[in-house]
Amino acid sequence: MNTNSFKRRRDNESHESNQMVFGIRAIIEAIKSGKEIENLYLQRGLTGGIILELRALINDQEIGFQLVPVEKLNRLTPKNHQGAVAFISPISYDKIENIIPSIYEKGEVPLILILDGITDVRNFGAIARTAECAGVHALIVPSKGSAQINPDAIKTSAGALYKIPVCRHDSLFKTAKFLQESGLQLVACTEKTNDYLYQPDYTVPTAIIMGSEENGISTELIRIADHLAKIPMYGEIESLNVSVSAGILLYEAVRQKIALK
């Protein structure tokens with residue numbers, strides 16, 4: 001198999017079963033009709049009135065996009081894409097600003113999970129499955145630098161991604177500050193502390209932050225966290241899979257809530 005064929009297969013597999021829309025006007029109409037855009041690729045150097053209309057629309061809707069060479073688009077589809085290809089998300093995204101008030105109105109204690117830079121689709125799906133089982137009210141992910149929500153993620157989540165709200169925001173820092181202002185404590189799971197995960201009180205409104213295995217949690221989120229919490233490690237391997245780590249923290253929160261009853 002030559003290199004170009006491999007790249008084409010890899011690009012297609014990464015979006016398997018996600019609905020593709022190509023052509024500038026078609027993408028404009030998809031956005032206007034309320035479709036959630038999972039990924040948007042625009043050819044570098046495109047000019048003209050219609051591309052300006054699309055750029056204005058995606059800026060207004062705060063839709064992330066990538067500027068790519070035409071070869072990338074040609075690998076995604078051999079058809080006349082006009083320099084623009086989009087993939088429709090299989091889920092609808094929410095805004096955490098709308099979810100937090102509704103949790104309080106129902107008399108429940110918010111438990112939110114922030115995923116900072118989790119890019120592996122299967123890890124993301126596994127975390128979503130555990131979060132739904134543990135009673136998490138919502139997942140928060142960044143607009144850029146997060147795993148695609150595609151059929152593979154849905155399958156790994158055992159359908160949990162259809163049940164638990166997923167909120168996508170441009171700035172996790174601003175979103176975390178909003179949560180603090182809404183009465184939630186931030187608990188960051190990190191090795192950069194001497195405090196174990198058992199010390200915070202998870203029976204109060206809480207947002208747990210998990211970072212990627214490669215880079216951990218961003219420094220700006222670490223700085224504003226109310227608690228830093230690490231998982232005790234006694235073996236020779238230095239870290240756990242992030243989906244396992246998320247499960248450990250979430251079920252400490254579950255344990256504490258059960259003990260409170």
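Heavy-atom basis, side chains included; hydrogens, waters and symmetry copies ignored.
Looking at Glu38 and Ser89, their side chains do bring a donor and an acceptor atom within 3.5 Å of each other. Side-chain contact annotation: Thr206 with Gln185, donor-acceptor N/O pair under 3.5 Å present.
The CD atom of Glu36 sits 13.0 Å away from the CD atom of Gln19 when rounded to the nearest 0.5 Å. We find the CG-CD1 distance between Leu249 and Ile208 to be 5.0 Å, quoted to the nearest 0.5 Å. The line from CD1 of Ile209 to NE2 of His227 is 11.5 Å long, rounded to the nearest 0.5 Å. Within the model, atoms NE2 of His169 and OG1 of Thr175 stand 4.5 Å from one another, a figure rounded to the nearest 0.5 Å.
Between Leu197 and Pro232 there is a side-chain heavy-atom pair separated by less than 4.5 Å. Residues Glu213 and Asp120 are not in side-chain contact: their nearest non-hydrogen atoms beyond the backbone lie 4.5 Å or more apart. Contact annotation: the side chain of Thr203 never approaches that of Val109 to less than 4.5 Å [non-hydrogen atoms, C-beta and beyond]. For the pair Ile154 and Ile149, the minimum side-chain heavy-atom distance is below 4.5 Å.
Gln43 contributes no side-chain N or O that, together with a main-chain N or O of Pro69, makes up a donor-acceptor pair within less than 3.5 Å.
In this structure, Ile100 is a member of the same hydrophobic cluster as Leu172, with clusters built from ILVMFWY side-chain heavy atoms closer than 4.5 Å. Residues Ile114 and Leu250 do not share a hydrophobic cluster, defined by chaining ILVMFWY side chains whose heavy atoms lie under 4.5 Å apart.
Of all heavy-atom pairs between Ser33 and Ala30, the closest is OG-O, 2.8 Å.
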